[in-house]
2 protein chains.
Amino acid sequence: MKATVTLEQVALASGVSVSTVSRILNGSANVSPNKRAAVEQAVAQLDYKPNVLARGLARGRTMSIGVVTQDVSSPFYGDMLRGIEHGLSGSGYLPIFADGHWHPEEENAAIDVLLGRKVDALIVLGGAVADERLLEVSATLPLLVFGRQIPEIAEQCLRLNNERGAYLLTKHLIEFGHRRIAHIAGPSAHRDACDRLAGYRAALTDAGLNVIPELILEGDFLESSGFMAATRLFEGREVFSAIFAANDQMAYGARLALHRKGVRVPDDISLVGFDDLPSSTFCTPPLTTVRQPTYDLGIAVAGSVLRMLAGERPRLPHIELQLVLRESTALLRPGLP
Amino acid sequence: MKATVTLEQVALASGVSVSTVSRILNGSANVSPNKRAAVEQAVAQLDYKPNVLARGLARGRTMSIGVVTQDVSSPFYGDMLRGIEHGLSGSGYLPIFADGHWHPEEENAAIDVLLGRKVDALIVLGGAVADERLLEVSATLPLLVFGRQIPEIAEQCLRLNNERGAYLLTKHLIEFGHRRIAHIAGPSAHRDACDRLAGYRAALTDAGLNVIPELILEGDFLESSGFMAATRLFEGREVFSAIFAANDQMAYGARLALHRKGVRVPDDISLVGFDDLPSSTFCTPPLTTVRQPTYDLGIAVAGSVLRMLAGERPRLPHIELQLVLRESTALLRPGLP
DNA sequence: TTGTATGCGTTATCAT
DNA sequence: ATGATAACGCATACAA
């Protein structure tokens, strides 16, 4: 309907110069009250909306923040994005997402796209691009990284202690009497997966139990791989009374495999995951897991970006993973190994 | 590190004018091979990246497409976004998301933000802004709407037949011998919820069964409401042998309630949902539901947007909902009502 | 075919 | 305090 209203038109309608209008709109310094009023009225009347592009071109900033994810549709990232979005709301900055699909190449491309869009800051969630690349980027604009630690920019990196989370989980199972605990690990190329495996190992060792290689299988963090791993576990000759899946999604898959076998959870086998996805509260039975406060993490990261944009230090919080005890774990039944 | 390289610098480096460089970059018409080569080399050498903002300002388009969602973190929308993203990849257009959080006001704000960003087209997913608003928008730029039907722009609207889906589901239960089927409906303000309720009613009526008001409860499409509804169902005096939840998430909640009551699915009670979320394959037991092909829908919508951008007609496909039979439904056990 | 000049809508730097 | 005017980086109508 109405064509784009420009600053010039507002200036004309209110009888002042464009620069004055611009000043008023940006709240910069001194303007006479009457002119201000005239302009504000014209703005309202013409329903003037500043052109973000032109503003960006002139000022050199776009008021948008690039966010590189690995999979928008995954419950984990989805929830973080929501947190980021919430944390940014009201700041005038708009998050722009680009997906790396767990592929370093695509991830690099995503970063390129975002930089090409002249985002004012960048948030990288997980992934595996080279540290050097991120350091380059960091030299150009405010960068925040979740899920990895780059020494040179440690202050801008937020990484939860996955090993500790896995340790807690495993220890919990051990305290419940389990000594033959299977582990469905994540992809070995994935840092988090390795850390969780390490935590599992450490807990066993600390408890004087030995690690049984046959009870460690690798999945890909998706439900189906959890299903297959659990199925294979039953085909093996090593008995076990508990399964620790490296993330909730694989735990779901494993749970289904158990269901198919007619194995009860937690009566026959205890099961734990990692992440505490929203749906883990509503599994049958509700899943014991470790909570990654994704939403709050998103908010924290968003806050830090805003701080860096304001020239301050990121001040990322230190966040501890917490054990969430639910109903998928139980005391080892007497008579079992 | 390297400051932004401009067209002018490329022009200088290759000994031609900026306009020539611009032409080559945009592939417009005739340029001598040697100049072209020189420019291309300079571009590569300087690692020139066009400034999207400047380009947008000059050309009047931003190569970005606004997408209004209701909840990025929901499995439903997350998957659609993935589809849209995929469908747009390679086209040069970048999707930009803004969330309405199921709030008409926020949704309007989201549209404003996107329009302010001068997106070249808009995709609206679900939601409840006034038809008029969308018609206004549609007069300005290519618009595509999922989840509602606006007569004036019917060609640009994609809406699945929710009533039919619910009908199929209910009919399936009836064919399995169930005659007292409870329904956990979605919020009555939600169009899809109403349609599903209507389908449920129609199937009962067509089968000569009467609709029992006490067996119809309203939820809010989230797991917790499904849990509460199922719990209340047991407190009522009307018996039932099956539950039809208006979406998978509520079915999950209901399933947990049943688990708590010690009620087996499907042995004691059959349960169905609606949506076929990725995780429904891995429920215990896997959930019988109706499939909304979210990912493909996303791709279809993206394709149509691209088509409209190219001046063609949207040509949205007609998509049928399909029943997905899994293990949460079983024949009514003899002796039950 | 190629170069020059102008415009896109704002902001910022000057004068005044 | 306020108004011209020059960037911002690119596309394009026009001229050559």
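Chain letters run A, B, ... following the sequence lines, proteins first, then strands; residues in each count from 1.
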- Message: If only side-chain N and O atoms count, and only distance matters, is there a donor-acceptor pair under 3.5 Å linking A:Arg117 with B:Asn51?
- Response: no
- Task: Using atom CZ of A:Arg23 as one end and atom P of D:dT2 as the other, report the distance to the nearest whole Å.
- Result: 8 Å
- Report the nucleotide, chosen from C:dG3, D:dC8, C:dT11, that has the shortest atom-to-atom distance to any side-chain atom of A:Arg55. C:dT11
- Query: Does a nitrogen or oxygen in the side chain of A:Ser22 sit under 4.0 Å from OP1 or OP2 of C:dT11?
  - Reply: yes
- With respect to the phosphate group of C:dG9, does any side-chain polar atom (N or O) of A:Thr6 fall under 4.0 Å of OP1 or OP2? no
- Looking only at side chains, do A:Ser22 and A:Ser19 share a donor and an acceptor under 3.5 Å apart? no
- Taking NZ from B:Lys118 and C1' from C:dT10, how many angstroms apart are they, rounded to a whole number? 12 Å
- Donor-acceptor pair present, A:Arg59 side chain and C:dG9 base, under 3.5 Å: no
- Message: Over all strands shown, is A:Lys49 touching base, sugar-phosphate only, or nothing at heavy-atom distances under 4.0 angstrom?
- Response: sugar-phosphate
- Are OP1 or OP2 of D:dA11 and a side-chain N or O of B:Asn26 less than 4.0 angstrom apart? yes
- Task: State the CD-CG distance between A:Glu107 and A:Asp112, to the nearest 0.5 angstrom.
- Result: 11.5 Å
- Rounded to whole Å, the CG-C1' distance (B:Leu7 to D:dC10) equals 6 Å
- Parallel, tilted or perpendicular: which describes the rings of A:His190 and A:Phe221, with under 30° parallel and over 60° perpendicular? perpendicular
- Do A:Ser32 and D:dT2 share a donor-acceptor pair, side chain to base, under 3.5 Å? no
- Note on the structure: B:Arg61 atom CZ is separated from D:dT12 atom C1', nearest whole Å, by 13 Å
- Measure from the side-chain heavy atoms of B:Lys35 and tell me the nearest of D:dC8, D:dA11, C:dT2. C:dT2
- Query: How do B:Ala54 and B:Thr20 order along DNA chain D: which one's closest nucleotide is nearer the 5' end?
  - Reply: B:Ala54
- Task: Give a yes or no on whether a donor-acceptor pair under 3.5 Å exists between the nucleobase atoms of C:dA5, that is its base, and the side chain of B:Ser19.
- Result: no
- Message: What is the separation between atom CG on A:Leu12 and atom P on D:dG3, rounded to the nearest whole Å?
- Response: 12 Å
- Query: B:Ile65 and B:Leu94: side-chain contact (heavy atoms from CB on, under 4.5 Å), yes or no, with the steps?
  - Reply: CA-CA 6 Å; B:Ile65 293 176; B:Leu94 184 73; over 6 Å; no
- In whole angstroms, the gap separating C1' of D:dC10 from CD1 of B:Ile24 amounts to 15 Å
- Atom CG of A:Asn51 to atom C1' of C:dG9: distance rounded to whole Å? 6 Å
- Roughly, in whole Å, what's the span from CD in B:Glu8 to P in C:dT4? 11 Å
